[in-house]
Amino acid sequence: MSWRKGMSLFKTTTSRLTLWHLGIFSLLSVAVFGIVYLSLASHLQAQKDREIMDKAREFGVLFHEHGIAALQAEFNRESESRGTRHVFFLLESTDGRVLASSDLRQWSGLELAPLHQSPFAGKKTVFTTFSLAGHRFKIRSVSLLVDQGLILTIGSTLQGDEIILERYREIFGIALTVMLVCGGLVGRLLAVKAMAGVQRITDCAAQIGGHDLSRRVPLADEGQEINGLAVAFNAMLARIETLLSELEQITDNIAHELRTPLTRIRGIAETTLKNNGTIDDYREMAASVIDESDNLIEMITTMLEIAKTDSGTVELNLGPLDIAGIVEEAVDLFVPLAEDCGVQLQLRKAPEVLMINGDRSRLQRVIANLLDNALKYTPAGGMVHLSTARNGEFIKVEIADTGTGIPERDIPHIFDRFYRGDKSRSTTGSGLGLPLALALARAHNGNITVTGTDKGATFCLFLPSASPKQS
Ligand code: ADP
């Protein structure tokens, strides 16, 4: 494996999790073994100290009761039974004169001075640990004042204790190696399991690759977080799928809607050219081209306005407005058109001032679109009824007509861009009036609802009230 490949291996989250697990596991193991080791070492030392101290006290009593000769005999007996290489006993005066001792031939180089370097500064007992050439193990000694000017020293090798500690270190080394291997494997296993869900989502994303948006990440029993991620990912896919299909449909519609007037413009121009017309024919052609172009420009402008409003980038010129007043103005404006259509316009005035916070010109446009539709789809002799009233936290503007109505199957689509009901094919329009009205209502945190029967349609515009009703 190349160095670069080896490095990139540690970039995966699985490897990093494994390393983290291994690191924490090793640290904890070393800490636990260290604590046990230190307490074992201190326990062994305390035991050794107790042992040599007891012996020193025993010798002290013997010295006081039976004198130096008895002590020398006991030194010899005790050192032979324990091994002259393992223990030594010594009675000396504070000026360094040896009065009695065990066989010290195995203890060459034993300098007693270091044992008493801080001799009994206020203490009666001094413990020392030291190494001696020719001795593999360290030596622990205790010196105590047995009489005025007399020091009794007992030393013992730490062979037994050091062998125990050595064995402990060996066992710890082996155990640590085994634990590290197991810890690494367990860590790897856990990391792979934890990341399996993420991997599944990654695989699914790679397979989708922008082509098959209908695929979804299957949910498995890998814990709430991974399932939450999968659910969020699936929801995002569903949203992208809907957006893309909407975009496709809108693009188709735009292409179709642009093609029709452009074909018409081209047709007018072609016919006029072919017929070798008079200057008046050309004038008429130019006028028609201007009309068609105006329609096109208006359609494109409306499309842009809807897109901007939907995306929230439109800047509303907000201010306090009396919405009932705006409805009244709109009715006044549409009276001539209603008379031309033979439709009666009826307005029920609100008993109070209904204030909202809104963009006057945009809300005028919303109401005009709804009113224009009501007149457009109501045959002569019909009636359009408008009212404005408080509705909880909202102000409701209702526009009800006695026109053609809206078939149930059309209701879910009439707010889609370019959607036109079957019944409206004979009337002029672009299918953008309602989408724009709804986008503007939503930009004001409001909404538009619709109900339609074959006896007419009712549109309700809801806008948040600026002065909630006092209770
Ligand atoms: P347009 O009126 O230009 O066709 P709109 O977006 O304003 O486009 O309306 C979309 C469709 O909703 C219309 O084609 C028509 O089928 C239906 N519609 C809207 N208002 C009414 C109404 N008052 N009565 C009956 N149908 C309506």
Side-chain angles (χ1 to χ4, degrees), residues 246 249-250 252-254 256-261 264 291-292 294-310 327 330-331 333-335 337-338 340-347 362-388 396-443 446-462:
E246 272 177 20
Q249 209 193 337
I250 288 172
D252 280 358
N253 286 338
I254 291 175
H256 180 258
E257 295 298 322
L258 289 180
R259 198 188 157 100
T260 314
R264 261 200 314 264
D291 276 354
E292 290 291 350
D294 283 350
N295 286 343
L296 259 178
I297 290 167
E298 199 193 320
M299 192 177 86
I300 292 168
T301 313
T302 311
M303 266 161 40
L304 286 176
E305 178 105 17
I306 295 173
K308 267 165 58 179
T309 312
D310 267 347
V327 173
V331 169
L333 209 73
F334 275 82
V335 164
L337 179 65
D340 283 355
C341 301
V343 176
Q344 201 185 328
L345 265 185
Q346 236 182 32
L347 169 69
R362 289 195 162 97
L363 288 177
Q364 279 172 337
R365 190 156 182 196
V366 174
I367 291 163
N369 276 1
L370 296 176
L371 196 48
D372 188 47
N373 275 350
L375 291 175
K376 196 160 66 176
Y377 297 111
T378 303
M383 184 183 281
V384 174
H385 186 90
L386 290 100
S387 67
T388 314
K396 176 169 130 184
V397 178
E398 189 177 288
I399 301 173
D401 64 57
T402 57
T404 55
I406 307 172
E408 215 163 289
R409 63 169 189 283
D410 283 347
I411 292 223
H413 306 292
I414 56 168
F415 290 101
D416 294 347
R417 282 166 230 198
F418 299 112
Y419 188 86
R420 305 201 71 214
D422 285 340
K423 289 185 183 172
S424 54
R425 298 275 176 229
S426 52
T427 59
T428 55
S430 60
L432 291 175
L434 284 184
L436 177 64
L438 182 64
L440 288 172
R442 286 190 175 155
N447 198 10
I448 299 179
T449 61
V450 59
T451 45
T453 61
D454 53 357
K455 291 194 178 68
T458 302
F459 285 83
C460 292
L461 164 68
F462 290 90

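Just follow the structure's listing: the first ligand is 1, and inside any ligand the first atom is 1. As a basis for the values below, the full set of heavy atoms in this structure was taken, side chains included, without hydrogen atoms, waters or symmetry mates.
- The shortest heavy-atom contact between Gly452 and Ile411 is N-CD1, 3.8 Å.
- Of all protein heavy atoms, the one closest to atom 4 (O) of ligand 1 is Arg420 NE, 2.6 Å.
- Considering every non-hydrogen atom in both Phe418 and Asn253, the closest pair reads CD1-CB, 3.2 Å.
- Inclusion of Thr428 in the set of residues having an N or O under 3.5 Å from an N or O of ligand 1 is not warranted.
- Remark: ligand 1 and Gly431 share an N or O pair separated by less than 3.5 Å (distance only, no angle test).
- When heavy-atom distances to ligand 1 are checked against a 4.0 Å cut-off, Thr378 has no atom that comes that close, whether in backbone or side chain.
- For the side chain to side chain contact (heavy atoms under 4.5 Å, CB included) test with Ile448, the passing option among Leu434, Leu438, Leu440 is Leu438; the others fail.
- For ligand 1, the polar-atom distance check finds no N/O of Ala457 at less than 3.5 Å from any of the ligand's N/O atoms.
- Minimum interatomic distance between Ile399 and Ala374 (heavy atoms only, all atoms of both residues): CG2-CB, 4.0 Å.
- Applying the 4.0 Å criterion to heavy atoms of Gly421 picks out, from ligand 1, the atoms 14 (O), 16 (O).
- Here Arg259 does not pair with Glu257 in a salt bridge; the nearest charged N to carboxylate O distance is not below 4.0 Å.
- Side-chain atoms of Asp401 never come within 3.5 Å of backbone atoms of Val384 as a donor-acceptor pair (strictly under, hydrogens ignored).
- Taking only non-hydrogen atoms, the option from Leu434, Val384, Leu370 nearest to atom 9 (O) of ligand 1 is Leu434.
- For Ala374, the closest heavy-atom approach to ligand 1 falls below 4.0 Å.
- Protein heavy atom nearest atom 23 (N) of ligand 1, with residue, atom name and distance: Asp401 OD2, 2.9 Å.
- Contact between Asp410 and ligand 1 is absent, with no heavy atom of the residue lying under 4.0 Å from the ligand.
- Ranking the protein heavy atoms by distance from atom 14 (O) of ligand 1 puts Ser424 OG, 2.9 Å first.
- Residues Arg442 and Asn447 are in side-chain contact: their nearest non-hydrogen atoms beyond the backbone lie under 4.5 Å apart.
- One side chain, Tyr419 or Asp410, offers a donor N or O that lies under 3.5 Å from an acceptor on the other.
- Counting only heavy atoms of the protein, atom 12 (O) of ligand 1 lies nearest to Ile414 CG2, 3.4 Å.
- A donor-acceptor pair is defined here as one N or O able to donate and one able to accept, closer than 3.5 Å; no such pair exists between the side chain of Arg365 and the backbone of Leu436.
- Of all protein heavy atoms, the one lying nearest to atom 7 (O) of ligand 1 is Asn373 ND2, 2.7 Å.
- Screening residues 299-310 for side-chain hydrogen bond (donor to acceptor under 3.5 Å, both in side chains), with sequence neighbours left out, gives Glu305-Arg362, Asp310-Arg417.
- Between the side chain of Lys455 and the backbone N or O of Gly403 there is no donor-acceptor pair closer than 3.5 Å.
- For a threshold of 3.5 Å applied to N or O pairs, the pair formed by Thr404 and ligand 1 contains no separation below that value.
- Remark: ligand 1 atoms within the under-4.0 Å shell around heavy atoms of Gly429 are 3 (O).
- Given atom 22 (C) of ligand 1, the protein heavy atom at minimum distance is Tyr377 CD1, 3.6 Å.
- Within the set Gly456, Ser430, Gly433, the minimum heavy-atom distance to atom 3 (O) of ligand 1 is found for Ser430.
- Here the protein heavy atom with the shortest distance to atom 26 (N) of ligand 1 is Ile406 CG1, 3.3 Å.
- At least one heavy atom of Gly405 sits less than 4.0 Å from an atom of ligand 1.
- The closest protein non-hydrogen atom to atom 11 (C) of ligand 1 is Tyr419 O, 3.9 Å.
- In this structure, Phe415 has no heavy atom closer than 4.0 Å to ligand 1.
- Using a 4.5 Å heavy-atom threshold, the side chains of Leu371 and Leu333 count as separate.
- Listed by number with element, the atoms of ligand 1 under 4.0 angstrom from any heavy atom of Pro435 are 6 (O).
- Residues Thr427 and Tyr377 come closest through the heavy atom pair OG1-CE2, 3.6 Å.
- The side-chain heavy atoms of Phe462 and Val397, taken from C-beta on, include no pair separated by under 4.5 Å.
- Those atoms of ligand 1 with a heavy atom of Lys376 less than 4.0 angstrom away are 1 (P), 2 (O), 3 (O).
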